[in-house]
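Take a look at the structure below.
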Amino acid sequence: MSEAVLGLPPLGPLRLGLLGSPNSGKTTLFNALTGLRARVGNYPGVTVERREGSLVIDDRPMVVMDLPGIYSLDPLSPDEAVVTRVLAGELADRPDALIVVADACSLERSLLLVAQVLRRNLPTCLVLTMTDELHARGGRLDLPRLERALGVPVCGVVGHRGLGMGELRALLGRPEAWSRPPILPPEDAVERAAWADSVLSSVVEQRPGVSRFTEAVDRIVLHPALGIALFAVVMVTFFQLIFAWATPAMDAIDAGLGSAGRAVHGLLPAGLLADFVSDGLFAGLGAVLIFVPQITLLFALLYLLEDVGYMARAAFVIDRVMGRIGLEGRSFVSLLSSYACAVPGIMATRTIPSPRNRLVTILVAPLMTCSARLPIYALLIGAFVPVVPVLGPLGLQGLVLLGLYVLGAASALAVAALLKRTVLPGEGLPFYMELPPYRVPTVRLWLGQIWGSVSSFLRRAGSIILLANVLLWALLNFPRVEPPSGATPAEASRYAVEKSLAGRAGHAIEPLIAPLGFDWKIGAGLLGSLAAREVIVSTLAQIYSSTEGEHSLRRAVREDRDPRTGRLVFTPATVAALLVFFVFALQCLSTIAVMRRETNSWRWPAFAFTYLLVLAYTASFATQRVVGALFGSA
Amino acid sequence: MSSLPDDPLAPGAPVPLAQLAPGSRAVIASVDLECGIGRRLLDLGFVPATVVSVLRRAPLGDPISYEIRGTRICLRRSEAARILVHPDRNEAGA
C-alpha cells in the first residue's frame, strides 16, 4: 500500500489478478500458468476461497491471484464484493496488473465485464480462451483489431492444450509495457452495451453460430420427460456412490487402521500409552480417513458433470422444486449427498453460486438422515419395536425407520424456508444461471479439482476431527480408577465409564435430560456420540458390558431398570424421545469441523449446533409426553 | 444486431419477457431497476435494444432459458417478469 502511494515499484513478486466470469476458463488458465500448486485460503469474513499460485517469468517472480468468478464489478453481496475489495487493496495486497479472462465464443457478453475492469485504471490485458471452439463453430476474430479497439493487449489461448501460452507468458513478463486505453469505456449500462457492440462490429469477421452440438444435446437432456429421467438416474448414481460404492473402501480403512492400532498396541507395553495410541490416536485418525472415499467419489462425479456442463442443467431441471423452499437447484445434490453423510454434502455446496443459499443449505444439511444414525436407529428399533407386518412386506419396524427419514427431510425443508425468512432475510441475489456449452473435460483439471477438495478436507477439517476424537477418548478414559475388589471384567468396564469424566458429565446433565426420560448412561452415550453418532452404540455397549454383539446389547437395554425406582429405563416414551433426539441433534464433530471450514467462521457451526439442540430437546420432550400418555405411565 | 426500442417492426406496448413462448424472439424494451436484480440483469446482457431468444422451459415449467449476447442464461419467471420486451412478430408468429 505505502509503496503504491509513494509511486515506487512494489517490493516482492509482481501480483497479477486473474478475473473473469464463471465458465470463462479462468481456472484452467490459472492451472496452466501456475501448475497445480495453488495456495488455498480464505478472505477474512466471507466464505469465498482465496487461491494464489506463483510462477517465474524471465527470472521475475510473480503471484497469480485467482479471483472468484463474477459477471460484474457492481457487487450485490459481501461475497461478491471480494473482487472489488481486492482491486481496491482492502482485502489483500492490491494486484499490480489484471488479466481478464473471457470465453472467445461469448465475447459479446464478456465485453460488458471488460468495460468495467478497464475503468479501474490498472494495467490490464485480455486473454481469450476457447479459441479452438470459436473456430470449430465457424467464428473468426481479428485479435490485432480487438487490441486497437480496446487499447489493451489481447492474447488468444487454448488453456488446456497449452496453445498460446508462450505468447501469454511473454506478455505477462512486462506489464509496465502494456498499452492503456486512450478513452475509458462508458459507465452507464446501456451505453456500455453500445460500446461493446461497436467494438465487436469492428473485430468480428464471422460470428460464431450457437453451438449446434450443445443445442442437440440439450434437446435430449432437457426434454420434458427424458430430462427428468436422466436427472433421476444421475441423482440415484450420486446416492449410490456415497451410500454403497464407497463402503468397501471405508470398511478397508476401518479394518486397516483397527488392526494397525492393535498391532501398535501389542508392541507397546500394556497401559495408558498403548490404549491412547490404539483407541485415541488411531481411532481418531480413522475418524478422519473414513470420509476420504466418500469425498473422493462425490467430487469425482460432481466435478466431472460440472466440467462437462451437466450440473447447471441438473439445477435447471430441479430448480422449481427447490425454489419453493427458497433454495435453488444446486442445493439438491448437496442435500441428497447428506443422506449418506453431511460431511461430503456440506462440501458439495461449493458449487452453489449464491452465498446465502449455500449457507442455508449448509445449515440444514445435518437434518438429512445420514448413515451414522442407522446403528442407533437399528439398535433401538430392533430392541423395542415389535416385528408386526403392516402392509405387505412393510413391517412396523420399517415404517418407524421410514418415518424417521421423512421427519428429517421434512424438517430440513421447513427449516430452510424458515431461515430464508428470519435469520437470513433480505431480497438476496436474483436467480440466474448460465447454461455453458457442453465441453470435453480435461483430465488434469478434473484430478486437480478432486485432489484440491480431498486435501483441503484433510488439512483443515481433519485436524479438528482428530483433536476432538482424542479429547473424547480422554473424557471416556480419565480419571483412571481402580475397580472395586472382586469386580468381574464386565463390572470393571462399566465402573470405569461411570467414573470417567464423560460418565460424571452424564450424571451432571441428568437433571437436564431427565424430562426427556434419559438417565446418566444415555447422557454419557450422547456425549460420546459427538465423535460420531454411531459411537453411542459402543459407549452403551461398554456401559452395559455387552461384549457378545448386538443381540446381548438389545437384551441389556430392554431389561435395564433404574436401581432406585426399579422402573424400566427404556420405556416406549424414552425410546421414542431418543430416536427423535437423534433426528435433530447435531451430534457430530466432523460436521461441525467441516461447517467451520466451509463458512470460515465458528459462528455458523455454533448457530447450527444450538438451533438443532433446541429443536432436538423440544421435539424429544414433546415426543416423551405424547408417547408417555399413549402408553400409560412414562 | 440490435434495433431501437421504437423499431417499426416491434410496435405496441411491451410485454414481460416471462410471457413469451419458447422459440420466440424479442427486443428488450426496458429492465426494472427498482431492485438489485435489475442491475445484475443488465450485467448479464439484458440491456434495452438487445435481441433475446426464448430457448426452452425447464421440464417442470420453470425456469426458462434464454439466448442473450451469445450466452444461454436461465431465469425464473419472477426475474423474467422484470424485463419488458417488444416481441419480434415475424418470428413469434411463424
Side-chain angles (χ1 to χ4, degrees), chain A residues 21 23 70-74 76-77 103 105-113 116 139 189-190 192-194 196-197 200-201 207-208 210-211 214-215 218-219 222-228 231 312-313 315-321 323 328-329 426-437, chain B residues 1-6 17-18 21-23 25 27-84:
Chain A
S21 61
N23 304 309
I70 43 156
Y71 288 110
S72 167
L73 284 184
D74 181 15
L76 296 181
S77 75
D103 175 351
C105 304
S106 58
L107 194 57
E108 217 179 317
R109 204 267 316 283
S110 314
L111 278 180
L112 301 179
L113 179 63
Q116 287 186 322
V190 179
R192 180 176 49 154
D197 288 340
L200 276 172
S201 64
R207 263 169 193 290
V210 285
S211 164
T214 296
E215 210 36 51
D218 267 350
R219 218 162 285 143
L222 300 178
H223 182 273
L226 291 177
I228 290 179
F231 176 83
R313 267 87 183 173
F316 180 65
V317 168
I318 201 67
D319 184 73
R320 183 163 205 180
V321 176
E328 60 184 274
E427 186 197 26
L429 287 172
F431 173 81
Y432 57 85
M433 189 171 59
E434 190 169 352
L435 300 179
Chain B
M1 65 154 290
S2 60
S3 50
L4 293 169
D6 54 349
L17 178 60
R25 271 156 58 95
V27 176
I28 294 172
S30 64
V31 176
D32 176 7
L33 289 174
E34 290 294 293
C35 49
I37 166 173
R39 271 155 52 205
R40 182 50 44 88
L41 290 172
L42 291 176
D43 294 326
L44 290 169
F46 291 91
V47 181
T50 305
V51 176
V52 58
S53 319
V54 187
L55 291 175
R56 56 173 52 82
R57 285 199 186 103
L60 300 175
D62 200 25
I64 303 170
S65 66
Y66 300 96
E67 188 187 336
I68 182 99
R69 294 187 82 88
T71 58
R72 288 180 182 77
I73 298 278
C74 55
L75 302 175
R76 289 184 186 152
R77 266 168 207 284
S78 50
E79 267 90 36
R82 294 174 185 273
I83 302 171
L84 295 181

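Convention: sequence-line order gives letters A, B, ...; per-chain numbering from 1. Bear in mind the structure is a predicted one, so any value in this text is a computation, not a measurement.
P224(A) approaches P59(B) most closely through the heavy-atom pair O-CB, 3.5 Å. When all heavy atoms of L60(B) and V321(A) are compared, the closest pair comes out as CD1-CG2, 3.7 Å. Nearest approach of A189(A) to V47(B), heavy atoms of both residues: O-CG1, 4.0 Å.
Per-residue heavy-atom pair counts under 4.5 Å with chain B were compared for L111(A), D74(A), D103(A), and the maximum is reached by D74(A). Top candidate by heavy-atom pairs under 4.5 Å with chain A, chosen from L75(B), I64(B), V31(B), L44(B), is L44(B). The candidate with the highest count of non-hydrogen atom pairs below 4.5 Å against chain A, out of G70(B), S78(B), G45(B), A80(B), is G70(B). Across F231(A), Y71(A), F316(A), the residue that shares the most heavy-atom pairs under 4.5 angstrom with chain B is F316(A).
Taken to the nearest 0.5 Å, the CZ atom of R69(B) stands 4.5 Å off from the CG atom of D197(A). Summarising the geometry, atom CD1 belonging to I73(B) is positioned 9.0 Å from atom OG belonging to S106(A); distances are rounded to the nearest 0.5 Å. Residue L55(B) holds its CG atom at 10.5 Å from CZ of R219(A), rounded to the nearest 0.5 Å. One distance of note links CD1 of I68(B) with CD of E108(A); it measures 8.5 Å at 0.5 Å rounding.
A 4.5 Å side-chain heavy-atom check between Y432(A) and E79(B) finds every atom pair outside the cut-off. Looking at heavy atoms from C-beta onward, R77(B) lies out of side-chain contact with R320(A) at the 4.5 angstrom threshold.
With sequence neighbours excluded, no residue satisfies ring-ring contact (aromatic ring centres under 6.0 Å, His included) with Y66(B). For D218(A), the side chain to side chain donor-acceptor pair (under 3.5 Å) partners at least two apart in sequence or on another chain are R313(A), Y438(A).
Using a 4.0 Å cut-off between charged side-chain N and carboxylate O, E328(A) and R76(B) make no salt bridge.
For L112(A), the part sitting under 4.5 Å from any heavy atom of chain B is the side chain, from C-beta outward, and nothing else. Of the two parts of R192(A), only the side chain, counted from C-beta on, holds a non-hydrogen atom closer than 4.5 Å to a non-hydrogen atom of chain B.
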